[in-house]
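A short worksheet on the structure shown next.
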Amino acid sequence: MSARIRQMTAADAAAVADLATQLGYPTEPAAIAERLKRIGTRGATDILLVAADEADTPVGWAHVELRDTLVAPPAAQLMALVVGEGARNRGIGRDLLGAAEAWAAGHGCSILMVATRVTREDAHRFYRREGYDLDKTSHIFHKALPAGDSR
């Protein structure tokens with residue numbers, strides 16, 4: 001299966017929601033559409049990519065965000081990367097990752113970071129195979145805020 005990498009559009013919301021659910025994050029298409037709209041207004045700080053099949057249906061997607069902090073040089077973080085169950089092990093993840101790396105490098109980043117759950121051993125093998133090194137382990141804490149929007 002070959003896939004074409006392109007930028008995500010509003011028309012992709014249902015397929016992206018399905019793929020997010022496969023990743024373990026059940027999401028409704030309306031929520032994806034709203035988030036896509038919000039992220040799309042940030043300018044050049046994020047890119048949303050899809051890998052589309054011959055019918056232009058997304059079979060995978062990736063979200064990359066620029067990270068600019070006072071304590072480190074400019075970097076980018078892969079916020080999510082998913083390839084649909086029926087399209088895995090065909091180079092689509094590698095192609096999405098390559099597009100993410102090229103975008104990050106084109107925005108002055110010398111590093112692309114990715115965080116994965118400790119239980120996602122297949123993902124760990126994938127990233128190591130693609131030349132990524134384990135840098136550190138962290139605990140991520142969160143607190144629900146009263147005015148927070150869960151969409």
Side-chain angles (χ1 to χ4, degrees), residues 1-27 31-53 56-143 150-151:
M1 168 187 277
S2 63
R4 179 175 64 94
I5 308 298
R6 62 169 172 77
Q7 288 199 30
M8 191 181 294
T9 68
D12 299 322
V16 169
D18 177 59
L19 291 164
T21 299
Q22 288 182 37
L23 187 61
Y25 300 96
T27 311
I32 292 291
E34 184 60 35
R35 293 171 188 163
L36 200 153
K37 193 181 322 177
R38 189 175 60 245
I39 291 169
T41 63
R42 291 184 188 164
T45 62
D46 295 75
I47 191 165
L48 298 165
L49 300 166
V50 297
D53 65 13
D56 202 36
T57 301
V59 295
W61 62 270
H63 174 193
V64 184
E65 179 179 274
L66 296 180
R67 308 299 299 208
D68 209 6
T69 72
L70 294 175
V71 297
Q77 183 165 353
L78 184 64
M79 304 304 290
L81 185 146
V82 59
V83 175
E85 293 167 356
R88 292 183 186 151
N89 298 311
R90 297 180 181 172
I92 294 169
R94 183 181 57 243
D95 292 347
L96 280 165
L97 190 58
E101 291 169 354
W103 181 85
H107 282 78
C109 299
S110 58
I111 295 172
L112 179 62
M113 301 177 291
V114 59
T116 69
R117 287 187 182 169
V118 296
T119 58
R120 294 190 189 273
E121 294 178 7
D122 288 343
H124 303 163
R125 282 190 291 277
F126 168 74
Y127 290 114
R128 284 188 177 107
R129 189 173 60 241
E130 295 304 315
Y132 287 72
D133 295 316
L134 180 62
D135 183 41
K136 60 184 169 182
T137 57
S138 299
H139 293 274
I140 298 175
F141 297 88
H142 81 268
K143 178 182 180 179
S150 64
R151 289 187 278 169

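- Separation of atoms CD (E101) and CG (L96) is listed at 11.0 Å; rounding is to 0.5 Å.
- Looking at heavy atoms from C-beta onward, R128 lies in side-chain contact with L134 at the 4.5 angstrom threshold.
- In plain terms, the two heavy atoms of L19 and V82 that are nearest each other are O-CG2, 3.5 Å.
- With values rounded to the nearest 0.5 angstrom, R120 atom CZ is found 4.5 Å from L23 atom CG.
- The two atoms that bring A115 and Q77 nearest to each other are CB-NE2, 4.2 Å, heavy atoms only.
- At least one side-chain heavy atom of W103 sits under 4.5 Å from a side-chain heavy atom of L66.
- Minimum heavy-atom separation, G108 to P74: O-CB, 4.0 Å.
- Closest non-hydrogen pair, A20 versus T27, comes out as CB-OG1, 4.0 Å.
- In this structure, the side chain of H124 does not engage the main chain of T119 through any donor-acceptor pair within 3.5 Å.
- The shortest distance between side-chain heavy atoms of M113 and D135 does not fall below 4.5 Å.
- Scanning both residues, A3 and V59, for their nearest heavy atoms gives CB-CG2, 4.4 Å.
- Using a 4.5 Å heavy-atom threshold, the side chains of Y127 and L78 count as touching.
- Inter-residue side-chain proximity for D56 and R4 is flagged as met; some heavy-atom pair is nearer than 4.5 Å.
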Pair V50, R6 - check side chain to side chain contact (heavy atoms under 4.5 Å, CB included), show working.
CA-CA 6 Å; V50 297; R6 62 169 172 77; 3.3 Å; yes

Side chain to side chain contact (heavy atoms under 4.5 Å, CB included) for D12 and W61? Distances and angles first, verdict last.
CA-CA 10 Å; D12 299 322; W61 62 270; over 6 Å; no

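- The only member of R90, R88, Q22, R94 that meets side-chain contact (heavy atoms from CB on, under 4.5 Å) when paired with V83 is R88.
- Of all heavy-atom pairs spanning I47 and L49, the tightest one is CD1-CD2, 3.6 Å.
- For the pair Y132 and L112, the minimum side-chain heavy-atom distance is below 4.5 Å.
- Atom CZ in R129 sits 9.0 Å away from atom CZ in R125 (nearest 0.5 Å).
- Rounding to the nearest 0.5 angstrom, the gap separating the CG atom in L48 from the NE2 atom in H63 is 5.0 Å.
- The structure places CD1 of I92 at 10.5 Å from CG of L81, a figure rounded to the nearest 0.5 Å.
- Scored by the ring-ring contact (aromatic ring centres under 6.0 Å, His included) test, Y25 finds no partners at all (sequence neighbours excluded).
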